[in-house]
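Single-structure report; data block below.
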There are 2 protein chains.
Amino acid sequence: MQAEYDVYEDKCPTRMVLDRLADKWSVLILDRLDNEAVRFNQLRRDIKGVSQKVLSQTLKKLERDGLISRTVFATVPVTVEYALTPLGKTLTDCVSELAHWAERNMDEVLAAQKSYDKTLD
Amino acid sequence: MQAEYDVYEDKCPTRMVLDRLADKWSVLILDRLDNEAVRFNQLRRDIKGVSQKVLSQTLKKLERDGLISRTVFATVPVTVEYALTPLGKTLTDCVSELAHWAERNMDEVLAAQKSYDKTLD
DNA sequence: CCGCATCCAGATTGATACTG
DNA sequence: CAGTATCAATCTGGATGCGG
């Protein structure tokens, strides 16, 4: 039986989940991990603009939430692979839609911004 | 014809859209506006925990992006209604899935966190 | 290769007070 | 009712250097 949660309530734990998703890097990371495991520096290279520190922090939070897994291979030097968990996989279905909505509707958003800014004298 | 955007690229404008969505209040506001227009103070009351200032700022950004509309009625005192635009409506279909994913999977996330924290001694 | 520790500047936010 | 203005406090992120 599932507890009743209400995102509109302050202190509702679902707010934590939204906070985690409410982070552009999380969305990009989850989207990037869709379909394949990726190593740390590969993620760093692929997701342009993320700093090492923030990437590391974000990965740790996602791991804590059970959305991604972290696997260490005892190679020299060490290899670390990040991958989606089953739970994370269910989330990326929503998340990737978001990322691709952004790509599809970008032109319209940019036009709206331009038009809005013009009304401000 | 649609330009080619790649969310993984730094400086890609789609990042702006993700940044906007990457805000817990935006998600909650868009979800709350689904199906009905809502007034400022009503939003403030419904979305528990948001400050007047941040709500105001967030609404302005969403309006600028063309996702919501702002309508002023010349009553005394004034009435201001916020509603989704057609563009915003297409987005809420993704967004509401996110909010409800959070509600559905909250238990599992909380369990994962608990388990993760225990491994840290 | 993968990350943590530190330092520091800049962005965000909350509280409070005030306007049309 | 629906905001804006201001200021202090906090949080965040980038840069750098080190360690397993």
Side-chain angles (χ1 to χ4, degrees), chain A residues 10-11 15-16 18-29 32-33 36-65 68-83 116-117 119-121, chain B residues 9-12 15-16 18-29 32-33 36-65 68-83 116-117 119-121:
Chain A
D10 200 6
K11 289 173 194 142
R15 286 279 182 92
M16 282 189 333
L18 284 181
D19 286 355
R20 181 77 55 255
L21 301 178
D23 170 3
K24 61 176 170 179
W25 302 121
S26 294
V27 171
L28 291 172
I29 291 169
R32 180 65 187 81
L33 289 181
E36 58 175 332
V38 184
R39 298 174 59 179
F40 184 86
N41 276 337
Q42 188 64 45
L43 279 173
R44 180 153 159 53
R45 276 190 299 274
D46 289 350
I47 302 178
K48 311 241 168 52
V50 69
S51 75
Q52 173 197 48
K53 175 174 154 188
V54 171
L55 177 58
S56 158
Q57 287 173 343
T58 308
L59 287 169
K60 206 176 298 179
K61 289 178 196 166
L62 290 172
E63 187 195 358
R64 178 167 183 268
D65 290 346
I68 66 175
S69 65
R70 178 176 182 276
T71 312
V72 181
F73 296 95
T75 52
V76 179
V78 77
T79 300
V80 181
E81 266 191 4
Y82 293 93
Y116 180 93
D117 292 345
T119 69
L120 304 181
D121 307 344
Chain B
E9 279 303 320
D10 199 7
K11 293 175 191 141
C12 174
R15 287 280 182 91
M16 282 191 333
L18 284 181
D19 286 355
R20 180 76 56 257
L21 301 178
D23 170 2
K24 62 174 170 180
W25 302 123
S26 294
V27 172
L28 291 173
I29 291 170
R32 180 64 189 81
L33 290 182
E36 59 174 331
V38 185
R39 297 173 58 179
F40 185 86
N41 277 336
Q42 187 65 44
L43 279 172
R44 181 152 159 54
R45 275 190 299 273
D46 289 350
I47 300 176
K48 311 239 167 55
V50 69
S51 74
Q52 172 198 50
K53 177 171 145 189
V54 171
L55 178 57
S56 157
Q57 288 172 343
T58 308
L59 286 169
K60 208 176 298 181
K61 289 179 196 165
L62 291 172
E63 188 195 357
R64 177 167 184 268
D65 289 345
I68 65 175
S69 64
R70 179 177 180 275
T71 311
V72 181
F73 297 94
T75 53
V76 180
V78 290
T79 300
V80 179
E81 267 191 3
Y82 292 92
Y116 180 94
D117 292 344
T119 68
L120 304 181
D121 305 343

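Everything quoted here is computed from the prediction, not taken from an experiment.
- At least one donor-acceptor pair under 3.5 Å links the side chain of A/Ser26 to the backbone N or O of A/Arg20.
- Residues B/Lys61 and B/Thr58 have side chains not in contact (no heavy-atom distance under 4.5 Å, counting atoms from C-beta outward).
- Heavy-atom distances to DNA chain D give each of A/Val78 and A/Lys61 a nearest nucleotide, and the one nearer the 5′ end belongs to A/Lys61.
- To the nearest angstrom, P of D/dG13 lies 12 Å from CG of A/Leu55.
- Listed nucleotides C/dT6, C/dC2, C/dG14 differ in distance to A/Lys53; the shortest reach to its side chain belongs to C/dT6.
- Going from atom CD1 of A/Ile47 over to atom C1' of D/dG13 covers 16 Å, rounded to whole Å.
- If you take CZ of B/Phe73 and P of C/dG20, they are 24 Å apart, rounded to a whole angstrom.
- Distance CD (A/Gln57) to C1' (D/dT12): 8 Å, rounded to an integer number of Å.
- Here OH of B/Tyr116 is found 8.0 Å from CZ of A/Arg70. Values are rounded to the nearest 0.5 Å.
- Put simply, A/Ser56 has no side-chain N or O that comes within less than 4.0 Å of OP1 or OP2 on C/dG3.
- Neither OP1 nor OP2 of C/dC1 sits under 4.0 Å from any side-chain N or O of A/Arg39.
- Residue A/Ser51 places its side chain closer to D/dG14 than to any other of D/dG3, D/dG14, C/dG3.
- Here the P atom of nucleotide C/dT12 and the CH2 atom of B/Trp25 are 16 Å apart, to the nearest Å.
- Rounded to whole Å, the distance from CG on A/Asp19 to C1' on D/dC11 is 13 Å.
- One finds no side-chain N or O of A/Arg45 lying less than 4.0 angstrom from the OP1 or OP2 phosphate oxygen of C/dC2.
- Taking 4.0 angstrom as the limit, B/Tyr82 places a side-chain polar atom (N or O) nearer than this to OP1 or OP2 of D/dG3.
- Two residues are said to be in side-chain contact when any heavy atoms from C-beta on lie closer than 4.5 Å; B/Leu43 and B/Leu33 meet this criterion.
- A/Lys60 has its NZ atom 9 Å from the P atom of C/dG3, to the nearest Å.
- Among the nucleotides C/dT13, C/dG3, C/dC7, the one closest to any side-chain atom of B/Val54 is C/dT13.
- The side chain of A/Arg44 places no N or O atom within less than 4.0 Å of a non-bridging phosphate oxygen (OP1 or OP2) of C/dC1.
- At a cut-off of 3.5 angstrom, counting only N and O atoms as typed in the model, there is a donor on one side and an acceptor on the other between the side-chain of A/Gln52 and the base of C/dC4.
- The distance from atom CG of A/Asp23 to atom P of D/dG13 is 7 Å, rounded to the nearest whole Å.
- To the nearest 0.5 Å, atom CG of residue A/Asp23 and atom CD1 of residue A/Ile29 are 7.5 Å apart.
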